2 protein chains.
Amino acid sequence: MASRAKATILDIAREAGVSKSTVSLVLQGSGLIRPETATKVRKAIEDVGYVYNRGAANLRKAHSNVIGMVINDLTNPFFAELAVGMERVFQAAGVVPFIANTAENPVRQEEVLKSLMEQGVAGLIVSPARGTTPGAFRRIEAAGVPIVFTMRRLPESRIPVIAPDNHRGAFIATEHLIRKGHCRLAFFGGSSDLVVYHERLGGFLEACETLGIPASDRLIVEGETGRKGGMACLETALAAAQPPTAALCFNDAVAFGAMLALRKRGLEAGADFAVVGFDDVAEAEHYSPALTSVAVDTAGLGERAAHVMLRMIQSRTTRAEDHIGAVSLVVRESSGPDRNSQVGDAA
Amino acid sequence: MASRAKATILDIAREAGVSKSTVSLVLQGSGLIRPETATKVRKAIEDVGYVYNRGAANLRKAHSNVIGMVINDLTNPFFAELAVGMERVFQAAGVVPFIANTAENPVRQEEVLKSLMEQGVAGLIVSPARGTTPGAFRRIEAAGVPIVFTMRRLPESRIPVIAPDNHRGAFIATEHLIRKGHCRLAFFGGSSDLVVYHERLGGFLEACETLGIPASDRLIVEGETGRKGGMACLETALAAAQPPTAALCFNDAVAFGAMLALRKRGLEAGADFAVVGFDDVAEAEHYSPALTSVAVDTAGLGERAAHVMLRMIQSRTTRAEDHIGAVSLVVRESSGPDRNSQVGDAA
DNA sequence: CGCTATAAATGGAACGTTCCAATAAATCAA
DNA sequence: TTGATTTATTGGAACGTTCCATTTATAGCG
């Protein structure tokens with residue numbers, strides 16, 4: 001059944017009674033070939049079960065048609081959505097995105113990048129793993145392969161970044177909580193080795209500053225960025241002498257964790273303690289109580305990143321502008337007013 | 001900054017004052033070269049910022065080191081977990097898995113497979129998109145590239161499958177519901193174009209048969225396999241003349257949807273209507289109420305699939321045995337006893 | 001009819017590796 | 001010393017494409 005050796009362009013040429021050059025031309029859809037000849041060749045291709053060898057072609061051609069997407073945590077639905085957005089535009093451009101997962105591991109990331117480079121990718125879209133060293137992309141940059149960062153940026157790097165407006169998102173979310181009457185606020189989860197953390201925390205702090213929440217009434221609890229981290233943060237917060245009545249969480253996963261911990265204590269998010277998330281993953285809407293969260297248009301960011309990448313490839317540059325995506329607050333049930341303040345309002 | 005043309009093995013040879021063959025040997029870690037020479041070469045490699053061209057190498061070598069993972073829905077956390085399991089074992093074997101998403105679209109799947117083949121993958125692990133035609137993999141099989149299906153199988157195909165024991169999973173879940181006193185049961189979601197559907201539904205029906213639930217007390221509601229589908233199924237079911245009191249759902253997403261619809265009607269899963277899911281995704285445990293579900297050891301199945309793939313590549317065969325993974329029922333809050341029957345029991 | 005202009009098809013030299021066969025250098029036995 | 005053996009290194013021919021420069025066939029025109 002399986003033909004002995006893989007069929008090549010020469011086998012097709014023989015089969016169709018033409019030269020290899022003609023076959024090559026047909027393969028590329030050149031208009032220089034007489035339609036009948038093209039048909040004949042295409043038939044031969046079908047007959048011998050030929051599969052195009054892109055590796056060989058790339059040896060001559062300048063650029064390949066694959067771009068690599070390097071993602072730090074595929075199990076986070078957030079990144080899956082991002083990937084889906086990118087795929088949409090790449091597909092339309094005839095580019096094939098290969099996704100690789102680094103599982104938040106810089107060593108693994110190094111391997112993955114190396115592999116992708118060896119494969120001759122035309123570009124790289126990456127959400128860098130936590131703990132990536134500043135020099136990790138130097139070689140790739142030197143090789144002239146365009147890179148775009150998504151969602152995360154590296155401390156000192158001139159690689160373009162496509163990310164949501166983290167600062168503003170945190171600001172409006174915090175503002176919302178304060179307007180609801182909360183005056184002892186917490187920021188849950190994340191840690192300072194992530195640039196995103198500083199952006200979001202910065203927005204939180206600026207809102208506090210602007211709207212008159214003194215430093216003594218702010219509680220910052222670092223922690224893991226998953227559910228577990230959120231649970232731990234809540235425990236820590238409630239153990240404080242003057243516990244906060246509301247928290248902005250680093251992301252939705254942390255928020256879910258905090259809500260879970262609340263329920264374990266017999267408390268209800270929204271009624272007893274306000275929780276706001278960040279990212280607005282699909283799940284947020286369906287949670288109970290539904291989670292108030294900062295929406296970042298994930299798929300849109302993915303599309304944007306893909307577009308930027310395509311433009312860089314086309315203009316053979318390694319430079320591009322950052323793109324900061326608009327954010328909006330989606331208010332749901334988890335961010336109720338502060339109980340005491342509510343009473344105060346009513347009085 | 002970026003070197004003009006890409007450095008090749010010849011540039012290194014010149015730089016190090018040796019021949020290209022020597023460089024090639026060093027690159028492959030051959031023991032035939034004098035350590036000092038190797039060091040010299042490695043330094044040159046570093047100096048010129050060389051990146052290995054695997055495409056060129058594959059032109060001569062028999063096999064590449066990349067295998068493709070073709071997944072039908074990356075946004076389903078279930079598949080992300082599966083991917084993670086596979087990656088673990090591939091990484092250890094020095095094989096690089098590239099993931100591609102088909103978004104449940106057979107046309108997209110076709111393109112993705114073509115691309116992967118052109119890239120010269122050593123093997124393919126695929127969870128076929130719904131509606132895949134039986135002949136979709138014929139060409140790939142003919143080319144002698146090993147394929148393994150995961151989670152889903154195609155109607156008439158001899159390609160090995162790695163999947164959970166769907167029939168048994170559905171059986172024990174149904175048995176559980178019947179033991180809880182339910183005697184009007186429903187099966188929610190999925191449709192008959194999926195082989196998995198028949199397997200799960202089959203288990204459900206066999207349990208009903210065995211444990212004395214007559215056909216008149218079974219309700220089968222086909223539907224989409226996401227939350228939306230689950231909501232619709234529940235509505236349909238409750239509109240029946242003799243509505244069921246419990247449902248086994250095609251998967252957890254459907255179950256979540258059903259629970260959501262229950263809540264919208266002011267009913268509570270577990271207390272008012274029993275819901276059991278399938279797959280036991282991470283979320284099931286954290287839902288409220290926590291979802292009873294059939295656990296399938298997702299990551300384990302991924303690892304198994306990867307192992308089978310590696311063995312096929314090594315022994316250059318395209319044949320392998322199916323592997324049916326053990327399942328177990330994880331009982332949580334969503335599957336309470338039937339109210340009436342509970343009263344009966346107490347009396 | 002011969003000549004040019006156009007269209008269609010072709011041969012051959014790359015592209016960056018691997019690997020075999022061959023060479024060169026060093027070591028050893030007698 | 002000479003030849004045999006081992007150890008390191010090397011040239012060159014593939015591998016399957018693309019694409020430039022040619023060649024060959026077809027048509028157009030006076």
Side-chain angles (χ1 to χ4, degrees), chain A residues 3-42 44-45 48-66 114-115 117-122 143, chain B residues 3-42 44-45 48-66 114-115 117-122 143:
Chain A
S3 37
R4 199 98 315 276
K6 301 208 167 299
T8 85
I9 215 182
L10 277 153
D11 298 311
I12 299 170
R14 198 174 318 118
E15 181 84 5
V18 298
S19 78
K20 61 178 172 39
S21 307
T22 306
V23 178
S24 175
L25 257 6
V26 171
L27 248 18
Q28 318 179 49
S30 160
L32 289 179
I33 306 285
R34 200 154 39 118
E36 315 154 38
T37 315
T39 315
K40 196 169 56 179
V41 169
R42 265 188 276 271
I45 288 177
V48 303
Y50 167 76
V51 354
Y52 183 74
N53 184 336
R54 206 167 282 274
N58 285 343
L59 221 42
R60 295 269 345 201
K61 297 226 281 223
H63 260 329
S64 81
N65 73 144
V66 353
K114 180 151 169 274
S115 241
M117 285 299 288
E118 290 181 358
Q119 226 57 232
V121 293
Chain B
S3 36
R4 201 99 315 274
K6 301 210 166 298
T8 85
I9 215 180
L10 276 154
D11 299 311
I12 299 171
R14 199 174 318 119
E15 179 85 5
V18 298
S19 79
K20 63 180 171 37
S21 306
T22 305
V23 178
S24 176
L25 258 4
V26 172
L27 248 18
Q28 317 180 50
S30 160
L32 287 180
I33 2 183
R34 202 154 38 119
E36 314 155 37
T37 315
T39 313
K40 196 169 53 179
V41 170
R42 265 188 276 269
I45 288 177
V48 303
Y50 167 76
V51 353
Y52 184 74
N53 184 335
R54 206 168 280 275
N58 284 344
L59 222 41
R60 295 270 345 202
K61 298 226 282 222
H63 261 329
S64 83
N65 74 144
V66 353
K114 180 151 170 275
S115 240
M117 286 299 288
E118 290 180 359
Q119 226 57 232
V121 294

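Please read these numbers as outputs of a predicted model, since none were measured by experiment.
Atom CZ of B:Arg54 sits about 13.0 Å away from atom CE of A:Met117, to the nearest 0.5 Å. The CD atom of A:Glu118 sits 11.5 Å away from atom OG of B:Ser64, with the distance rounded to the nearest 0.5 Å. Between atom OH of residue A:Tyr52 and atom CD1 of residue A:Ile45 there is a gap of 11.0 Å, rounded to the nearest 0.5 Å. A distance of 10.0 Å separates OH of B:Tyr50 from CG of B:Leu10, quoted to the nearest 0.5 Å.
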Quick one: side chains of residues 29-40 of chain A, donor-acceptor pairs under 3.5 Å with protein atoms, not counting sequence neighbours, listed by atom name and distance.
from	atom 1	to	atom 2	distance (Å)
A:Ser30	OG	A:Leu32	N	3.0
A:Thr39	OG1	A:Pro35	O	2.7

Side-chain donor-acceptor distances from residues 12-23 of chain B under 3.5 Å, at least two apart:
from	atom 1	to	atom 2	distance (Å)
B:Arg14	NH1	B:Asp11	OD1	3.4
B:Ser19	OG	B:Ser21	N	3.3
B:Ser19	OG	B:Thr22	N	3.3
B:Ser19	OG	B:Thr22	OG1	3.2

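An angle of 50°, rounded to 10°, separates the two end axes of the helix from C:dC1-D:dG30 to C:dA30-D:dT1, each defined over five pairs.
B:Asn53 contributes a side-chain N or O that, together with a main-chain N or O of B:Ala56, makes up a donor-acceptor pair within less than 3.5 Å. Put simply, the side chain of A:Lys6 gets close to the backbone of B:Ala143: a donor and an acceptor are under 3.5 Å apart.
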Output a table of nitrogen or oxygen pairs between the protein and nucleotides 20-24 of chain D separated by less than 3.5 Å.
none

Protein N or O to nucleotides 5-7 of chain D N or O, pairs below 3.5 Å:
none

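Both B:Leu59 and B:Gly17 sit near DNA chain D, but only B:Gly17 has its closest nucleotide nearer the 5' end. Positionally, the nearest nucleotide of DNA chain C for A:Arg60 lies more toward the 5' end than for the other of A:Arg60 and B:Val23.
B:Leu10 places its CG atom 12 Å from the C1' atom of D:dG11, with the value rounded to the nearest Å.
In this model, a donor atom of one side chain and an acceptor atom of the other lie less than 3.5 Å apart for A:Ser24 and A:Gln28.
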Could you go through A:Arg42 and A:Val26, starting from their C-alpha distance and side-chain angles, then the distance that decides it, and tell me whether this counts as side-chain contact (heavy atoms from CB on, under 4.5 Å)? CA-CA 8 Å; A:Arg42 265 188 276 271; A:Val26 171; 3.8 Å; yes

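Inter-residue side-chain proximity for A:Gln119 and A:Val66 is flagged as unmet; no heavy-atom pair is nearer than 4.5 Å.
Counting non-hydrogen atoms under 4.0 angstrom, B:Ser24 reaches a base of the nucleic acid.
Neither OP1 nor OP2 of D:dT9 sits under 4.0 Å from any side-chain N or O of B:Ser19.
Nucleotides of DNA chain C with any atom under 4.0 Å from a heavy atom of chain A span, from 5' to 3', C:dA8 to C:dG16.
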